[in-house]
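Structure first, commentary second.
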Amino acid sequence: MRDAYHEELDSIGDGLVDMARLVGSAIGRATTAILDADLKLAESVIAADQKVDDLQHDLEARAITLLARQQPVATDLRIVVTSLRMSADLERSGDLAQHVAKLARLRFPERAVPHDLHATILEMGQLAQRLMAKAAEVVITKDVDLALQLEKDDDAMDLLHRTLFQHLMDDRWKHGIETAVDVTLLGRYYERFADHAVSVAKRVVYLVTGEHADEVQQPAATGGEGA
């Protein structure tokens, strides 16, 4: 019975990795769709989000069953509760990728992103995909140092987000209000996607150490021992 119990705990972790990989792929494909005005690709991203939702529902059902039947305590309880929270982060990430794809569909056959912002949006999409890939690796390895690194990596996304706003606020902006709204939304989608990847990593820190990421980071910042 205990072997089956721990296999089920492991399978919940596997489900989280599957979700992370799916949403990472989704944001990459959605970025291609928005930049290339690729309607077929956009539709595939929108449809594929159902798989992410299904995985989350399955994971939630198994986690709740474990809570009810096994009544886990200590570390095992932390695994189950933290996994539920991570699955919510990943499901929202999938929604954000879907939003990017829906914007591509809405503006088709036109391109939602002006040519002069193409490189910035491409970089945001690629960074979002890398952050989620790293979050998946953190879930697999339980590497606290790698998890803490994600928050620093996210600074690059914040910088790109600010770059978008600098373009929008520039007196030379010539693409109109509708495009300005589209770009504002896109920037927000990528920023929030990155935030969810960081959140997943932070939850792994808590799962491993029993401490919140900010508490684990503090000793390193003051020259003390790391996690």
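One-based numbering along the sequence shown.
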Original post:
Quick one: are Leu150 and Leu131 in side-chain contact, heavy atoms under 4.5 Å?
Top reply: yes
One should read off an interatomic distance between Ser44 OG and Asp49 CG, to the nearest 0.5 angstrom, of 11.5 Å
| Is any side-chain N of the basic residue among Asp155 and Lys152 closer than 4.0 Å to the acidic one's carboxylate O? | no
Partner of Glu191 under side-chain contact (heavy atoms from CB on, under 4.5 Å), picked from Asp154, Asp158, Leu186, Leu96, is Asp158
Per ring pair (Phe, Tyr, Trp, His ring centres under 6.0 Å), His99 is matched among Phe193, Tyr189, Tyr190 by Tyr189
(message) Side chains of Asp53 and Glu91, heavy atoms from C-beta outward: is any pair under 4.5 Å?
(response) yes
What verdict does the side-chain hydrogen bond (donor to acceptor under 3.5 Å, both in side chains) test give for Gln50 and Asp54, after you've listed the backbone C-alpha separation in whole Å, the side-chain angles of each residue and the deciding distance to 0.1 Å? CA-CA 6 Å; Gln50 186 61 50; Asp54 290 344; 2.9 Å; yes
| query | Does Leu117 reach the side chain of His167, with side-chain heavy atoms less than 4.5 Å apart? | reply | yes
Result for side-chain contact (heavy atoms from CB on, under 4.5 Å) between Arg203 and one of Val198, Thr82, Leu84 points to Thr82
Answer yes or no: is there a side-chain heavy-atom contact under 4.5 Å between Ile121 and Leu164? yes
Inset, instruction - Would you please test Arg62 and Asp58 for salt bridge (Lys or Arg N to Asp or Glu O under 4.0 Å) and show each step? - result: CA-CA 6 Å; Arg62 287 187 283 130; Asp58 179 63; 3.0 Å; yes
Q: Measure the acute angle between the ring planes of His118 and His115, then classify it against the limits of 30° and 60° as parallel, tilted or perpendicular.
A: tilted
Tell me, do Ser93 and Ile27 make a side-chain contact under 4.5 Å, heavy atoms counted? no
**Asked** Is any side-chain heavy atom of Gln129 closer than 4.5 Å to a side-chain heavy atom of Thr31?
**Response** no
request  = State, yes or no, whether a side-chain contact exists between Ile64 and Val80 at a heavy-atom distance under 4.5 Å.
outcome  = no
Hey, are the side chains of Leu66 and Ile12 touching, using non-hydrogen atoms and a 4.5 Å cut-off?
-> yes
